[in-house]
Amino acid sequence: MNTQTTSNRAAPRELSREEIEKQFRYAEQVAAIHKQNGRVGESAPRCFVQTFGCQQNEADSERIAGLAILMGYTITHDPAEAKLILVNTCAVREHAEKKALSIIGQYKHLKDADPEVIIGVGGCMVTQQHRADQLKRSYPYVSFVFDTASIHTLPELVAGILAGRGRKFFVGGEGNIAEGIPTHREIAYKAWLSVMYGCNNFCSYCIVPYTRGRERSRTPDAILAEARQLIADGAKDITLLGQNVNSYGRDLGDTTFAELIDAVANLEGDFRLRFMTSHPKDASDELIEVMAKNEKIVRHFHLPLQSGSDNILSRMNRRYTAEKYYGIVEKLRSAMPDISLSSDIIVGFPGERSEDFEATMDMLRRVRYDAIFSFIYSPRKGTPAAEMTDQVPHDISTARFERMLALQNEISLARNQRFVGRELRVLAEEISHGDATKVTGRGDSPRPIHFAADPGVIGQFVNVKITAADTFSLSAEQI
Ligand code: SAH
Ligand code: SF4
Ligand code: F3S
């Protein structure tokens, strides 16, 4: 194994068993206090976990809930009945932070009505010290914050509050890997599986490397063991997660993401496999080959473009050109002609001229994505792009954003129409929102597919025939 480390490549740091077990003992202490007060079984105190942000946060929240259960809480979806409220925040754009702060503000009245309520805030927003300080100063009803590398310390934090040891607002947990934390999953058939944490890319607009720390990969053994357990528990749709899965294993030295996904896909069982996210600079031929030969890996690739202009890509520190990006698209389509493609795009990055924006529009016409997630650039404190002097006025960004959506909607509709008349194998996921006679599922592409069915099929694969296509969804009948 290659043990060489460089200044920007921290050695993976797996927390020792003792560190984790210390937290389990704190959890037992908390559970014992509840028990002493007769709060067990039906009377157990409730914990409400609220999640903002990406799938990584969703996965973290499953561990947050797992720890709450270890502390003797029962999970609730109603904050009004909770004794422990844990908000898992996001910082990727200003809007995400505003939303989290406003929700936290709304919980003040719950604490006023019941001083026993404990409110803790975790996630990317509070991993920035200035936000942790702001909560300490201006949100006196919040008891503690926990950064993204300190989720495993929740039992210690809650035990400290119950013992009257005072509020805690220190962040700066070292990047680590905490194995063996219990997970509470609400749905068995769909599962997130983190393969790595952190990001080393420092795209100039992005806060994530500051809130998630440096890249660190879990070992293939730990990931495969968790995958086997998920499959045994009924998982049918597993998403391997990392901010840039293509650099998985670099810190371990002797393994790649392509090898990892191949190994997971080769596990016994009827399940399908997705992964997020891939950075185009690291998308390998090996990964494309592994996908093409493995039916269990879905025919969908999320490949964030961010901008179609080389000038902007360079200012974003993305380290690829539009041509290099398009080369990957061609390889994907020649290996898997029907593959669905999706992307993230930022509009109005500092210095984006009209011709830069038109280059992005040209890429949308050329690639013809099934879907895009587009965002108006949002300056993030502490990132290089926030210091750039040529910020694009908001009305220009908004006008560009709207033009882009209109173009993409046309393309999405045309792409969806290719499915009409086809038979697809779909995982039935939930009762359709707004039509209780229907069930919504997904095929390989993340497009929702609505079809009339008995809710009993939820959690199973069913075969459907696509009858109609919309911009954002497909209609089908069960066959
Ligand atoms: N690691 C993933 C996703 C990170 S965040 C990746 O590299 O693709 C998800 C998306 O949010 C990014 O792809 C980007 O399009 C968008 N984003 C990140 N920072 C942003 C900012 N400051 N303003 C607007 N959008 C941003
Ligand atoms: Fe952010 Fe870039 Fe890392 Fe993605 S790859 S998380 S956009 S810095
Ligand atoms: Fe948000 Fe953090 Fe994810 S900033 S998008 S929750 S990594």
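Because the structure is a prediction, the values reported are computed rather than measured. Counting starts at 1 for both ligands and their atoms, in listed order.
A salt bridge between R400 and D395 is absent, with no side-chain N of the basic residue lying under 4.0 Å from a carboxylate O of the acidic one. With respect to the salt-bridge test (charged N to carboxylate O, under 4.0 angstrom), the residues D444 and R274 do not qualify. At a threshold of 4.0 Å, the pair R216-E179 does not count as salt-bridged, since none of the basic side-chain nitrogens sits closer than that to a carboxylate oxygen. We find that E226 and R218 are joined by a salt bridge, their nearest charged nitrogen and carboxylate oxygen being less than 4.0 Å apart. Ion pairing of E410 with R365 is absent here, as no side-chain N (NZ or NE/NH1/NH2) approaches a carboxylate O to less than 4.0 Å. Salt bridge absent: D370 and R447 never bring a charged side-chain N and a carboxylate O closer than 4.0 Å. Salt bridge annotation for K190-D237: absent, with no cationic side-chain nitrogen under 4.0 angstrom from a carboxylate oxygen.
For ligand 1, the atoms closer than 4.0 angstrom to any heavy atom of Y377 are 23 (N), 24 (C). Each of the atoms 24 (C) of ligand 1 lies under 4.0 Å from some heavy atom of I376. The atoms of ligand 1 that sit less than 4.0 Å from any heavy atom of Q306 are 12 (C), 13 (O), 14 (C), 15 (O). Listed by number with element, the atoms of ligand 2 under 4.0 Å from a non-hydrogen atom of C199 are 3 (Fe), 5 (S), 6 (S), 8 (S). Below 4.0 Å from some heavy atom of V208 lie the following atoms of ligand 2, by number and element: 6 (S). Set against the non-hydrogen atoms of F202, the atoms of ligand 2 under 4.0 Å away are 8 (S). The contact set between ligand 2 and C206, taken as ligand atoms under 4.0 Å from a residue heavy atom, comprises 1 (Fe), 6 (S), 7 (S), 8 (S). Residue H279 has at least one heavy-atom neighbour below 4.0 Å for each of these atoms of ligand 2: 5 (S). Near D344, with a cut-off below 4.0 Å to any heavy atom, the atoms of ligand 1 are 9 (C), 10 (C), 12 (C), 13 (O), 15 (O). Taking every non-hydrogen atom of R318 and a distance limit under 4.0 Å, the qualifying atoms of ligand 2 come out as 2 (Fe), 7 (S). The contact set between ligand 2 and P209, taken as ligand atoms under 4.0 Å from a residue heavy atom, comprises 8 (S).
Only the side chain of R93 comes within 4.0 Å of ligand 1, counting heavy atoms alone; its backbone N, CA, C and O stay farther away. At a heavy-atom distance under 4.0 Å, atoms from both the backbone and the side chain of Y205 approach ligand 1. The part of I346 lying near ligand 1 is the side chain, judged by heavy-atom distances below 4.0 Å. Counting heavy atoms closer than 4.0 Å to ligand 2, residue R212 contributes nothing at all. With a 4.0 Å cut-off on non-hydrogen atoms, H279 does not touch ligand 1 at all. Using a 4.0 Å cut-off between heavy atoms, N244 makes no contact with ligand 2 at all. Contact annotation for S378 and ligand 1: heavy atoms of both the backbone and the side chain come within less than 4.0 Å of the ligand.
At a 4.0 Å cut-off, at least one heavy atom of V92 sits close enough to ligand 1 to count as contact.
Among H302, R318, Q243, the residue whose heavy atom sits closest to atom 2 (C) of ligand 1 is Q243.
Considering only non-hydrogen protein atoms, atom 3 (Fe) of ligand 3 sits nearest to C54 SG, 2.3 Å. For atom 4 (S) of ligand 3, the closest non-hydrogen atom of the protein is A91 N, 3.3 Å. Nearest protein heavy-atom neighbour of atom 2 (Fe) of ligand 3: C124 SG, 2.2 Å. For atom 1 (Fe) of ligand 3, the closest non-hydrogen atom of the protein is C90 SG, 2.3 Å.
In summary, C203 places no N/O/S atom under 2.8 Å from atom 3 (Fe) of ligand 2, failing the contact criterion.
Centroid-to-centroid, the aromatic rings of F202 and Y210 come within less than 6.0 Å. Aromatic pair F301/F275: ring centres closer than 6.0 Å.
For the residue pair S194 and I223, the shortest heavy atom distance occurs at O-CG1, 4.4 Å. Pairing each heavy atom of V142 with each of F169, the nearest pair is O-CZ, 3.3 Å.
Around atom NZ of K293, more than 12 heavy atoms belonging to other residues, nucleotides or ligands sit under 6.0 Å away.
Residue-to-ligand polar distances keep R380 apart from ligand 1: every N/O pair is separated by 3.5 Å or more.
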